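Sequential numbering from 1 along the given sequence is applied to the chain's residues. A quick note: this is a predicted structure, and the numbers were derived from the prediction, not measured.
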Amino acid sequence: MAVLLPDRQLTVLVKAHPFTRDAHGYPIAPSEHAETRGPWPGAAKEQPDASWTLRLDPRAWPVEPSDRVTDGNRVWVVSSARLHTVPGHPDADYISVTATLEPPEVP
């Protein structure tokens, strides 16, 4: 198991849930973010398939698909998120996020 140490401050831009999607899967309404959480220490690592793995502070939970995460320079759109807890060791808790960069980087 690899550990991603915090390497930046991450802020979660949470959409109001639930929201509806159009035929292409894009959120229809509401278009505005309902809440901003953070910034807190986190980490981001690009994967070989151009997706990103993010580690967020557990205080940002819940995080849902289509929410956005930013470090002030980049913005990621959440594909999936899972809260990981370690019983008896709350300092080791984290949120594991798979996300895509918005807009994607062009080589």
Side-chain angles (χ1 to χ4, degrees):
M1 173 175 103
V3 175
L4 286 179
L5 297 175
D7 61 1
R8 63 193 78 208
Q9 294 288 314
L10 295 173
T11 301
V12 180
L13 307 170
V14 178
K15 288 188 173 281
H17 294 285
F19 53 87
T20 58
R21 295 179 176 271
D22 66 12
H24 303 286
Y26 292 103
I28 295 174
S31 60
E32 296 298 317
H33 297 291
E35 183 182 354
T36 300
R37 299 180 190 152
W40 292 302
K45 181 169 175 37
E46 188 171 15
Q47 301 302 307
D49 66 357
S51 68
W52 286 74
T53 301
L54 308 176
R55 295 292 184 259
L56 304 177
D57 190 287
R59 292 176 284 183
W61 189 254
V63 178
E64 301 284 342
S66 296
D67 289 344
R68 287 174 164 55
V69 178
T70 183
D71 65 359
N73 295 317
R74 294 183 169 133
V75 176
W76 296 272
V77 177
V78 174
S79 302
S80 65
R82 181 174 173 221
L83 177 63
H84 296 269
T85 59
V86 179
H89 300 281
D91 291 341
D93 296 351
Y94 67 96
I95 302 169
S96 172
V97 173
T98 302
T100 55
L101 191 61
E102 183 180 277
E105 292 178 337
V106 178

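Linking Ile, Leu, Val, Met, Phe, Trp and Tyr whenever their side-chain heavy atoms come within less than 4.5 Å leaves Val75 and Val63 in two separate clusters. Val77 and Val14 fall into different hydrophobic clusters, defined by Ile, Leu, Val, Met, Phe, Trp and Tyr side-chain heavy atoms under 4.5 Å apart, directly or through other members.
With salt bridges taken as basic N to acidic carboxylate O contacts below 4.0 Å, none links Asp67 and Lys15.
Looking only at distances, no side-chain donor or acceptor of Asp57 sits under 3.5 Å from a matching main-chain atom of Ala60. With hydrogens and angles disregarded, a donor-acceptor distance shorter than 3.5 Å links the side chain of Arg37 to the backbone of Pro62. No side-chain donor-acceptor contact under 3.5 Å links Thr85 to the backbone of Pro87.
Heavy-atom minimum distance, Arg59 versus Trp40: NH2-CD1, 2.8 Å. Taking each heavy atom of Ala43 and Asp7 in turn, the nearest pair found is CA-OD1, 3.2 Å. Across every non-hydrogen atom of Pro41 and Pro6, the tightest pair is CB-CB, 3.8 Å. The two residues Gly38 and Thr11 make their nearest non-hydrogen contact at C-OG1, 4.1 Å. Here the shortest heavy-atom pairing between Leu83 and Pro58 reads CD1-CB, 4.0 Å. In terms of heavy atoms, His84 sits closest to Ser96 at NE2-CB, 3.3 Å.
Within the 4.5 Å cutoff, the side chain of Leu56 has heavy atoms near those of the Val69 side chain. Looking at Arg55 and Val97, their side chains never come closer than 4.5 Å, going by heavy atoms from C-beta outward. The shortest distance between side-chain heavy atoms of Leu10 and Trp76 falls below 4.5 Å. Side-chain atoms of Trp52 and Thr98, non-hydrogen and from C-beta on, never get closer than 4.5 Å to each other.
Between the CD atom of Glu64 and the OG atom of Ser80 there is a distance of 11.0 Å, given to the nearest 0.5 Å. Atom CD in Gln47 sits 13.0 Å away from atom OG1 in Thr100 (nearest 0.5 Å).
Listed by first then second residue, pairs satisfying salt bridge (charged side-chain N to carboxylate O under 4.0 Å, His left out) with a partner in residues 79-93 number zero, not counting sequence neighbours.
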